[in-house]
*Asks:* 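Let me give you the structure first, and then I'll get to my questions.
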Amino acid sequence: MKIVFAADPFAIGLRNAIVEHLEKAGHEVIDYGASEGNTDIQYYESCVKACEALQRGEGERGILLCGTGMGMSVIANRFQGIRASVVESVFAARMCRAINDANVLCLGAMIWGDWMACEAVDVFLSTKLGDGLENLKEFLEQAAKKVEAIKGN
């Protein structure tokens with residue numbers, strides 16, 4: 001799977017662990033964020049680049065990292081077609097896909113350890129809308145369409 005990725009300088013350690021994990025699993029990572037050799041790009045810059053890439057269809061899902069994940073989420077959700085969820089547990093990473101069909105996962109380096117963050121990423125990438133909630137699948141599919149149609153003022 002192609003993953004659009006961005007981290008701010010605060011999250012470079014977590015970025016390194018997740019990118020290595022994704023690449024070992026055979027995913028292609030398209031990185032628009034800070035890295036060891038590029039610490040000048042801030043979350044509000046890298047997030048925009050990553051979300052625009054997702055809108056262009058450069059990747060199937062996105063992963064965004066900052067201190068708490070919240071800053072990335074706030075920015076990402078300003079973009080049409082982006083459904084970003086900041087999560088603080090593996091369970092929430094599963095549910096943001098199963099219930100809300102999120103296409104962007106936001107994680108905070110102040111919150112996540114490397115191992116658990118990689119678990120959350122795996123769950124996020126493997127879960128589909130309605131997984132584990134088969135009795136609600138029809139409702140969730142209809143709700144996802146209605147949510148996608150909402151245009152804010």
Side-chain angles (χ1 to χ4, degrees), residues 1-8 11 13-33 43-44 46-153:
M1 180 181 297
K2 286 186 180 181
I3 311 295
V4 173
F5 197 94
D8 75 356
L14 186 59
R15 172 222 177 265
N16 294 343
I18 293 173
V19 168
E20 180 181 341
H21 177 76
L22 289 168
E23 289 175 344
K24 279 184 182 176
H27 298 289
E28 181 181 343
V29 177
I30 305 162
D31 194 348
Y32 287 94
Y43 78 96
Y44 45 83
S46 61
C47 185
V48 168
K49 290 178 181 181
C51 289
E52 289 172 344
L54 278 170
Q55 286 180 317
R56 289 190 303 269
E58 291 181 21
E60 299 167 61
R61 302 262 176 85
I63 299 173
L64 304 173
L65 311 176
C66 64
T68 63
M70 293 175 207
M72 289 289 204
S73 177
V74 166
I75 295 167
N77 282 311
R78 293 175 176 260
F79 287 82
Q80 177 105 17
I82 302 296
R83 297 174 308 281
S85 291
V86 59
V87 303
E88 295 180 352
S89 70
V90 174
F91 178 76
R94 180 184 318 275
M95 291 299 107
C96 80
R97 289 283 306 139
I99 294 173
N100 301 109
D101 200 25
N103 57 359
V104 174
L105 181 67
C106 301
L107 303 175
M110 293 172 48
I111 298 160
W112 288 92
D114 295 352
W115 185 83
M116 288 298 281
C118 290
E119 287 289 314
V121 165
D122 288 346
V123 165
F124 174 75
L125 295 177
S126 64
T127 302
K128 294 176 177 48
L129 181 66
D131 278 1
L133 304 166
E134 282 68 26
N135 59 326
L136 298 173
K137 190 166 183 161
E138 186 177 324
F139 165 76
L140 293 170
E141 288 170 350
Q142 292 301 315
K145 289 176 187 174
K146 298 236 183 233
V147 169
E148 189 63 29
I150 294 172
K151 306 287 184 232
N153 295 338

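Atoms considered below: every heavy atom in the structure, side chains included; atoms not considered: hydrogens, waters and symmetry mates. Position 1 is the first residue of the sequence; numbering continues from there.
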*Asks:* Looking only at atom types and distance, does a side-chain atom of Asp31 sit under 3.5 Å from a main-chain N or O of Gly33, one as donor and one as acceptor?
*Replies:*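 A pair under 3.5 Å: yes.
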
*Asks:* Tell me, which pairs form a side chain to side chain donor-acceptor pair (under 3.5 Å) where one or both residues lie in residues 57-76, sequence neighbours left out?
*Replies:*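 Every pair satisfying side chain to side chain donor-acceptor pair (under 3.5 Å) with a residue in residues 57-76: Tyr32-Glu58, Arg56-Glu58, Ser73-Asn77.
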
*Asks:* Answer whether the closest heavy-atom distance between the side chains of Met1 and Glu28 falls below 4.5 Å.
*Replies:*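 Met1 does not reach Glu28 side chain to side chain.
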
*Asks:* Taking only residues two or more places apart in sequence or in another chain, which ones pass side-chain contact (heavy atoms from CB on, under 4.5 Å) with Cys66?
*Replies:*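 Only Asp8, Tyr43, Met72 meet the side-chain contact (heavy atoms from CB on, under 4.5 Å) criterion with Cys66.
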
*Asks:* Run the side-chain contact (heavy atoms from CB on, under 4.5 Å) test against Phe91 and tell me which residues pass, sequence neighbours left out.
*Replies:*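 Per chain and number, Phe91 pairs via side-chain contact (heavy atoms from CB on, under 4.5 Å) with Ser89, Met95.
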
*Asks:* Working to the nearest 0.5 angstrom, can you tell me the gap between Leu125 CG and His27 NE2?
*Replies:*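 Between atom CG of Leu125 and atom NE2 of His27 there are 5.0 Å.
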
*Asks:* Hey, could you give me each pair passing salt bridge (Lys or Arg N to Asp or Glu O under 4.0 Å) that has a residue in residues 129-144? Not counting sequence neighbours.
*Replies:*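 Checked against salt bridge (Lys or Arg N to Asp or Glu O under 4.0 Å) - neighbours excluded - no pair reaches residues 129-144.
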
*Asks:* With salt bridge (Lys or Arg N to Asp or Glu O under 4.0 Å) as the rule and sequence neighbours excluded, what pairs involving residues 101-110 come up?
*Replies:*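 For residues 101-110: Arg83-Asp101, Arg97-Asp101.
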
*Asks:* Considering residues at least two apart in sequence or located in another chain, which fulfil the salt bridge (Lys or Arg N to Asp or Glu O under 4.0 Å) criterion with Lys145?
*Replies:*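 Not a single residue meets the salt bridge (Lys or Arg N to Asp or Glu O under 4.0 Å) criterion with Lys145.
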
*Asks:* Would you please test Ile99 and Leu129 for side-chain contact (heavy atoms from CB on, under 4.5 Å) and show each step?
*Replies:* CA-CA 6 Å; Ile99 294 173; Leu129 181 66; over 6 Å; no

*Asks:* Who are the side-chain contact (heavy atoms from CB on, under 4.5 Å) partners of Val48, not counting sequence neighbours?
*Replies:*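 Glu52, Ile75, Phe79.
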
*Asks:* Treating Asn103 as the side-chain partner and Gly81 as the backbone partner, does any N or O pair qualify as donor plus acceptor under 3.5 Å?
*Replies:*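 Looks like yes, one N/O pair under 3.5 Å.
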
*Asks:* Nearest 0.5 Å, what's the CZ-OG distance between Arg15 and Ser46?
*Replies:*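 Going from CZ on Arg15 over to OG on Ser46, the span is 11.0 Å.
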
*Asks:* Determine which pairs satisfy salt bridge (Lys or Arg N to Asp or Glu O under 4.0 Å) with at least one residue from residues 70-82, sequence neighbours left out, and list them in order.
*Replies:*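 Salt bridge (Lys or Arg N to Asp or Glu O under 4.0 Å) check on residues 70-82 returns no pairs.
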
*Asks:* Which atoms form the tightest heavy-atom contact between Leu54 and Gly59, and what is the distance?
*Replies:*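 Result for this residue pair: CD2-O, 3.6 Å.
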
*Asks:* By side-chain contact (heavy atoms from CB on, under 4.5 Å), which residues pair with Ala76, not counting sequence neighbours?
*Replies:*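 side-chain contact (heavy atoms from CB on, under 4.5 Å) check on Ala76 returns Cys47, Cys51, Leu64, Ile82, Ala84.
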
*Asks:* Please output the side-chain donor-acceptor pairs of residues 105-122 that fall under 3.5 Å, not counting sequence neighbours, one pair per line with the distance.
*Replies:*
{"residue": "Trp112", "atom": "NE1", "partner": "Val87", "partner atom": "O", "Å": "3.1"}
{"residue": "Asp122", "atom": "OD1", "partner": "His21", "partner atom": "NE2", "Å": "2.7"}
{"residue": "Asp122", "atom": "OD2", "partner": "His21", "partner atom": "NE2", "Å": "3.0"}

*Asks:* Who are the side-chain hydrogen bond (donor to acceptor under 3.5 Å, both in side chains) partners of Lys24, not counting sequence neighbours?
*Replies:*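 Result, side-chain hydrogen bond (donor to acceptor under 3.5 Å, both in side chains) vs Lys24: Glu20.
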
